[in-house]
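Quick note: numbers below take in every heavy atom, side chains included, and nothing from hydrogens, waters or symmetry partners. Since the model is a prediction, treat every value here as computed from it, not as a measurement.
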Amino acid sequence: MAEARVHRRLAAILAADVVGYSRLMEQDDSGTLAQLKARRKEVLEPLVARHQGRVFKVTGDGVLIDFGSAVNAVQCAVELQRGMAAANSNLPENRRIVLRIGVNLGDVIMEGSDLYGEGINIAARLESIAEPGGIAVSGTAFDQVKNKIDVVLEDLGPQTLKNIAESVRVYRVTGTPRVSGHAKAAIDKPSIAVLPFVNMSGDSEQEYFSDGITEDIITDLSKISALHVVARNTVFTYKNKPIKVQQAAHELGVRFLLEGSVRRAGSRVRITAQLIDGKDGSHVWAERYDRELTDIFAIQDEINHTIVDQLKVKLLPAEKKAIEAAPTENVEAYTYYLRGRQFLLGGTKSYLLLARRMFTKAAELDSNYARAYAGIADCDSMLHALHHADVSVEGILAMSAKALALDPELAEAHASRGRALQFAGQYEGA
């Protein structure tokens with residue numbers, strides 16, 4: 001029997017999603033749905049028709065649109081953000097419908113009236129890292145629209161997007177209506193963004209260490225229910241860029257920023273950290289830590305507790321225990337784990353094999369290091385799914401189960417287990 005032929009074509013995909021949809025639905029589900037329906041009819045659909053696009057998928061809070069031209073897709077995105085801002089102008093901030101938009105030009109698979117493939121996945125991931133009220137554009141789309149539309153596109157450099165094997169060059173459309181920090185967050189609790197700590201070691205290969213410190217501080221602060229913390233993918237768009245503190249706070253929708261640097265030399269480490277009020281740019285707190293590398297977890301713990309104290313946040317007993325728990329007693333295992341995490345983000349087969357080697361070494365140094373086993377399971381899952389490597393699904397299940405057994409509260413372990421169950425065909429469990 002002849003194999004059915006897969007129909008492919010190039011398409012410009014616009015992915016849009018409502019910021020804070022769950023909050024809006026919780027406040028007024030019927031009113032939010034009615035407002036969304038009105039926005040689609042009065043703002044979205046006329047613009048899509050004007051720019052010769054086609055809506056091929058609508059979810060509760062999102063939409064995917066197919067265009068034959070990247071120029072049309074980006075121009076529609078710009079006008080859509082302006083149209084949404086105009087429709088929001090007379091509404092209270094907590095009732096405004098604000099979009100994030102991603103635009104990508106890529107290969108798609110056609111199946112009836114629906115579209116699939118990485119070209120769509122990248123557009124969706126770009127949408128997730130766009131600012132509220134903003135537009136993120138892939139490098140492939142940028143190449144087609146530069147000098148053809150009257151907007152400025154700021155180069156954010158290569159970005160690692162979730163579940164996308166290779167990094168994607170991303171551009172941010174500037175000049176779209178800004179969303180105020182209060183409207184973005186709509187949160188009644190202190191808000192903070194941990195900007196990427198700067199590697200001051202004079203060795204670019206030490207970048208993994210400063211990035212790892214940043215990510216772990218973000219992870220620990222995110223365990224505190226009384227604190228709003230900006231996600232890692234969002235803050236890392238500011239990596240290696242000159243930062244105007246008040247502008248960054250406004251763009252991220254937070255009141256406070258944590259900046260810092262890391263210098264590692266042999267068995268010594270120096271970490272500086274400063275907490276800044278994004279409203280006026282003033283320093284709330286600053287400290288420098290000159291310690292042995294073996295004190296790295298104590299330093300992170302001191303930084304976390306100082307932030308909690310300065311922002312007058314109340315810790316629940318379980319939260320206090322969670323942020324004070326060291327992931328491992330072996331600092332060498334920790335450094336191997338951080339290196340593995342950096343390689344894992346690369347996504348290519350060679351990087352994934354390197355990452356697996358680093359995680360395995362970490363597990364050898366500390367046989368109770370749950371994160372290391374979760375990392376091994378993630379590498380095997382990605383090698384299996386993205387590169388069709390000869391990896392045992394039973395082995396992935398066993399490795400993820402070991403991570404969970406060592407730390408039942410570890411988010412990475414649960415995520416690894418979910419991926420493993422997915423590959424085993426146990427979708428409900430996944």
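- When atom types are taken as modelled, the side chain of T174 and the backbone of V152 share a donor-acceptor pair closer than 3.5 angstrom.
- Partners of Y337 under the ring-ring contact (aromatic ring centres under 6.0 Å, His included) rule, at least two apart in sequence or in another chain, are F359, Y369.
- Contact of the L80 side chain with the I101 side chain is registered, since non-hydrogen atoms from C-beta on lie closer than 4.5 Å.
- Under the 4.5 Å side-chain criterion, counting only non-hydrogen atoms from C-beta, L404 is not in contact with L410.
- Qualifying salt bridge (Lys or Arg N to Asp or Glu O under 4.0 Å) partners for K279, counting only residues two or more places apart in sequence or in other chains: none.
- Judged as a side-chain hydrogen bond (donor to acceptor under 3.5 Å, both in side chains), and not counting sequence neighbours, the contacts of E302 are R291.
- L105 places none of its side-chain heavy atoms less than 4.5 Å from the side chain of F67.
- Rounding to the nearest 0.5 angstrom, the gap separating the CG atom in N304 from the CD1 atom in I218 is 11.0 Å.
- In this structure, K402 contributes its side chain and N368 its backbone to no donor-acceptor pair below 3.5 Å.
- The shortest heavy-atom contact between A249 and G278 is CB-CA, 3.6 Å.
- Note that the CG atom of D61 and the CG atom of L24 stand 9.5 Å from one another [nearest 0.5 Å].
- Panel note: side chain T32, backbone D29; no donor-acceptor pair is recorded below 3.5 Å.
- Rounding to the nearest 0.5 angstrom, the gap separating the OG atom in S191 from the CG atom in L227 is 8.0 Å.
- The two atoms that bring A193 and L252 nearest to each other are CB-CD1, 3.6 Å, heavy atoms only.
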Using residues 339-346 as the side-chain source, report each donor-acceptor pair under 3.5 Å to any protein atom, sequence neighbours left out, with the distance given to one decimal.
from	atom 1	to	atom 2	distance (Å)
R341	NE	E215	OE1	3.1
R341	NH1	D216	OD1	3.4
R341	NH2	G212	O	3.4
R341	NH2	D216	OD1	3.3

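- Side-chain N/O atoms of D380 and H384 include no donor and acceptor closer than 3.5 Å.
- Distance alone, capped at 3.5 Å, places no donor-acceptor pair between the T214 side chain and the P196 backbone.
- Legend: side chain to side chain donor-acceptor pair (under 3.5 Å) pairs involving residues 118-129, not counting sequence neighbours: none detected.
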Chi angles and distances behind the side-chain contact (heavy atoms from CB on, under 4.5 Å) call for Y171, V145: CA-CA 11 Å; Y171 295 80; V145 306; over 6 Å; no
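- Side-chain atoms of N104 never come within 3.5 Å of backbone atoms of I122 as a donor-acceptor pair (strictly under, hydrogens ignored).
- Taking CG from L338 and CD from Q206, the interatomic distance works out to 10.5 Å, rounded to the nearest 0.5 Å.
- At distances below 3.5 Å, not a single donor-acceptor pair connects side-chain atoms of S367 with backbone N or O atoms of A363.
- Looking at every heavy atom in both residues, L258 comes nearest to A273 through CD1-CB, 4.3 Å.
- To the nearest 0.5 Å, the span separating CG on L36 from CD1 on I97 amounts to 4.0 Å.
- Within the structure, the salt bridge (Lys or Arg N to Asp or Glu O under 4.0 Å) test picks out the following pairs touching residues 311-322 (sequence neighbours left out): K320-E324.
- Considering only residues two or more places apart in sequence or on other chains, S261 meets the side-chain hydrogen bond (donor to acceptor under 3.5 Å, both in side chains) condition with T272.
- The list of salt bridge (Lys or Arg N to Asp or Glu O under 4.0 Å) pairs with a residue in residues 268-278, not counting sequence neighbours, reads R255-D277, R268-E292, R270-D290.
- Nearest approach of L14 to A73, heavy atoms of both residues: CD1-O, 3.6 Å.
- M200 CE to I271 CD1: the interatomic distance, rounded to the nearest 0.5 Å, is 13.0 Å.
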side-chain hydrogen bond (donor to acceptor under 3.5 Å, both in side chains) assessment of R96 paired with N90: CA-CA 9 Å; R96 293 178 181 178; N90 293 322; over 6 Å; no
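- In E364, the CD atom is crowded: over 12 heavy atoms of neighbouring residues, nucleotides or ligands sit closer than 6.0 Å.
- The ring-ring contact (aromatic ring centres under 6.0 Å, His included) check on F297 picks up Y334, with sequence neighbours excluded.
- Remark: the backbone N or O of A130 is paired with a side-chain donor or acceptor of R100 at under 3.5 angstrom.
- Side-chain contact check for Q274 versus I276: some heavy-atom pair is nearer than 4.5 Å.
- The stretch residues 409-424 participates, sequence neighbours left out, in these salt bridge (Lys or Arg N to Asp or Glu O under 4.0 Å) pairs: R371-E412, D378-R419.
- Contact record, A420 with I396: CB-CG2, 3.5 Å, taken as the closest heavy-atom pair.
- Counting all heavy atoms, side chain and backbone alike, K239 lies closest to E207 at NZ-OE2, 2.6 Å.
- Between V269 and D295, every side-chain heavy-atom pair lies at or beyond the 4.5 Å cut-off.
- Checked by atom type and distance alone, the side chain of N199 pairs as donor or acceptor with a backbone atom of D203 at under 3.5 Å.
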Verdict with supporting geometry, V137 and L126, side-chain contact (heavy atoms from CB on, under 4.5 Å): CA-CA 7 Å; V137 177; L126 289 170; over 6 Å; no
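- In this structure a side-chain-to-backbone donor-acceptor pair under 3.5 Å is present from Q81 to L99.
- Contact check for F197 versus I217: side-chain heavy atoms found under the 4.5 Å cut-off.
- Within 6.0 Å of CD in Q426 there are more than 12 heavy atoms belonging to other residues, nucleotides or ligands.
- Here the side chains of I192 and L275 are in contact, with some heavy-atom distance below 4.5 Å.
- The pair E131-R172 meets the salt-bridge criterion, with a side-chain N (NZ, NE, NH1 or NH2) lying under 4.0 Å from an Asp/Glu carboxylate O.
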side-chain contact (heavy atoms from CB on, under 4.5 Å) between I224 and V229, worked out: CA-CA 9 Å; I224 303 171; V229 184; over 6 Å; no
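- For E287, there are no salt bridge (Lys or Arg N to Asp or Glu O under 4.0 Å) partners at least two apart in sequence or on another chain.
- With sequence neighbours excluded, no residue forms a side-chain hydrogen bond (donor to acceptor under 3.5 Å, both in side chains) with D143.
- A donor-acceptor pair under 3.5 Å is absent between the side-chain atoms of H305 and the main chain of Q300, judged by distance alone.
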Full working for side-chain contact (heavy atoms from CB on, under 4.5 Å) between F142 and V170: CA-CA 9 Å; F142 170 81; V170 178; over 6 Å; no
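- Put simply, the side chain of L293 reaches to within 4.5 Å of the side chain of R264, judged on heavy atoms.
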